[in-house]
Amino acid sequence: MIDALTIAVGVTACALAAWCGFAAYRNEPTKDWHFIGMAVVSLLCIAQLIVAIVQLTGGHTPDKGTALFLAYLLGAVACVPATGFMSLSERTRWGSATVAAGSVVLAVLEVRLFDIWGGGSV
């Protein structure tokens with residue numbers, strides 16, 4: 001795994017969480033700009049997925065198991081798009097809150113992915 005990419009995904013996920021959390025605080029639903037932010041975070045997650053697949057096929061293995069790593073990786077890729085679609089059906093402040101919560105979950109998943117790959121004792 002590329003540590004800088006993991007950090008970039010985590011930081012952008014936290015920024016998206018703060019942004020959507022502020023929208024929920026202001027009693028606003030998710031708007032087009034929020035979806036652009038979700039797209040940026042999702043593209044970073046897809047790039048991380050591609051890098052991880054390339055490294056796995058190249059012979060690198062996670063310290064704590066490939067199956068566990070792939071499960072977390074697929075969950076990380078699906079996290080923000082899933083909450084984005086949920087926010088479309090809930091066009092109130094709770095849609096923004098859902099995306100904020102999903103972004104926080106993604107940031108936590110990134111820390112766990114870093115740990116599973118063997119990036120340190122987090």
Side-chain angles (χ1 to χ4, degrees):
M1 289 290 292
I2 299 174
D3 293 344
L5 185 57
T6 303
I7 291 169
V9 173
V11 168
T12 56
C14 288
L16 181 63
W19 189 19
C20 289
F22 184 66
Y25 173 75
R26 292 183 51 191
N27 204 18
E28 296 176 354
T30 50
K31 298 186 175 158
D32 291 342
W33 291 107
H34 295 117
F35 286 101
I36 292 171
M38 287 181 247
V40 169
V41 173
S42 297
L43 287 174
L44 286 171
C45 285
I46 291 169
Q48 185 179 39
L49 174 69
I50 292 168
V51 168
I53 289 172
V54 167
Q55 288 190 346
L56 287 172
T57 56
H60 300 283
T61 57
D63 286 351
K64 298 192 174 125
T66 304
L68 182 66
F69 177 76
L70 287 174
Y72 273 92
L73 187 63
L74 293 174
V77 170
C79 191
V80 170
T83 57
F85 283 119
M86 289 173 64
S87 75
L88 285 173
S89 66
E90 183 62 46
R91 300 302 295 164
T92 65
R93 71 186 297 176
W94 297 109
S96 296
T98 301
V99 175
S103 299
V104 169
V105 168
L106 176 59
V108 172
L109 287 173
E110 290 300 314
V111 172
R112 186 68 179 125
L113 278 169
F114 181 77
D115 183 43
I116 292 169
W117 187 262
S121 56
V122 176

Under 3.5 Å: donor-acceptor pair, side chain of Ser87, backbone of Gly84: yes

Taking the hydrophobic residues Ile, Leu, Val, Met, Phe, Trp and Tyr, and joining any pair whose side-chain heavy atoms are under 4.5 Å apart, which ones share a cluster with Trp94? none

Does Thr30 reach the main-chain N or O of Ser96 with its side chain, forming a donor-acceptor pair under 3.5 Å? no

Pairwise side-chain contact, His34 with Trp19, heavy-atom cut-off 4.5 Å (strictly under): yes

Hey, could you give me the CZ/SG distance between Phe35 and Cys20, rounded to the nearest 0.5 Å? 8.5 Å

On a heavy-atom basis, the closest approach of Val54 and Thr57 is O-OG1, 2.9 Å

Between Leu49 and Leu74, does a side-chain contact (heavy atoms from CB on, under 4.5 Å) hold up when you go through it step by step? CA-CA 8 Å; Leu49 174 69; Leu74 293 174; 4.2 Å; yes

Should Leu43 and Val99 be counted in the same cluster of Ile, Leu, Val, Met, Phe, Trp and Tyr side chains packed under 4.5 Å apart? no

Could you check if a side-chain atom of Leu113 sits within less than 4.5 angstrom of a side-chain atom of Pro62, using non-hydrogen atoms only? no

Where is the tightest heavy-atom contact between Ala52 and Leu73, given as atom of each residue plus distance? CB-CD2, 3.5 Å

If you take all heavy atoms of Cys79 and Leu106, which pair is closest and at what distance? SG-N, 4.0 Å

When hydrophobic residues are tied together by side-chain contacts of less than 4.5 Å, even through go-betweens, does Leu109 share a cluster with Val80? no

Test of understanding: clusters of I, L, V, M, F, W, Y form through side-chain heavy atoms closer than 4.5 Å, transitively. Do Tyr72 and Leu70 belong to the same one? yes

Compare every heavy atom of Thr92 with every heavy atom of Glu90, then report the nearest pair and how far apart it is. OE2-OG1, 2.7 Å

Taking all non-hydrogen atoms of both residues, which atom of Ala100 and which atom of Gly21 are closest, and how far apart? CB-N, 3.6 Å

Hey, quick one: are Val108 and Leu5 part of the same hydrophobic cluster, counting side-chain heavy atoms closer than 4.5 Å, chains of contacts allowed? no

Residues 6-13, side-chain donor-acceptor partners within the protein, below 3.5 Å, at least two apart:
unit_1, atom_1, unit_2, atom_2, d
Thr6, OG1, Ile2, O, 3.2
Thr6, OG1, Gln48, NE2, 3.3
Thr12, OG1, Ala8, O, 2.9
Thr12, OG1, Val9, O, 3.1

Once salt bridge (Lys or Arg N to Asp or Glu O under 4.0 Å) is applied, what residue pairs with a partner in residues 27-53 remain, sequence neighbours excluded? Arg26-Glu28, Glu28-Lys31

Nearest non-hydrogen partners of Thr83 and Gly102, listed with the distance: CG2-CA, 3.7 Å

Are Met38 and Trp33 linked, directly or through intermediate hydrophobic residues, by side-chain heavy-atom contacts shorter than 4.5 Å (ILVMFWY only)? yes

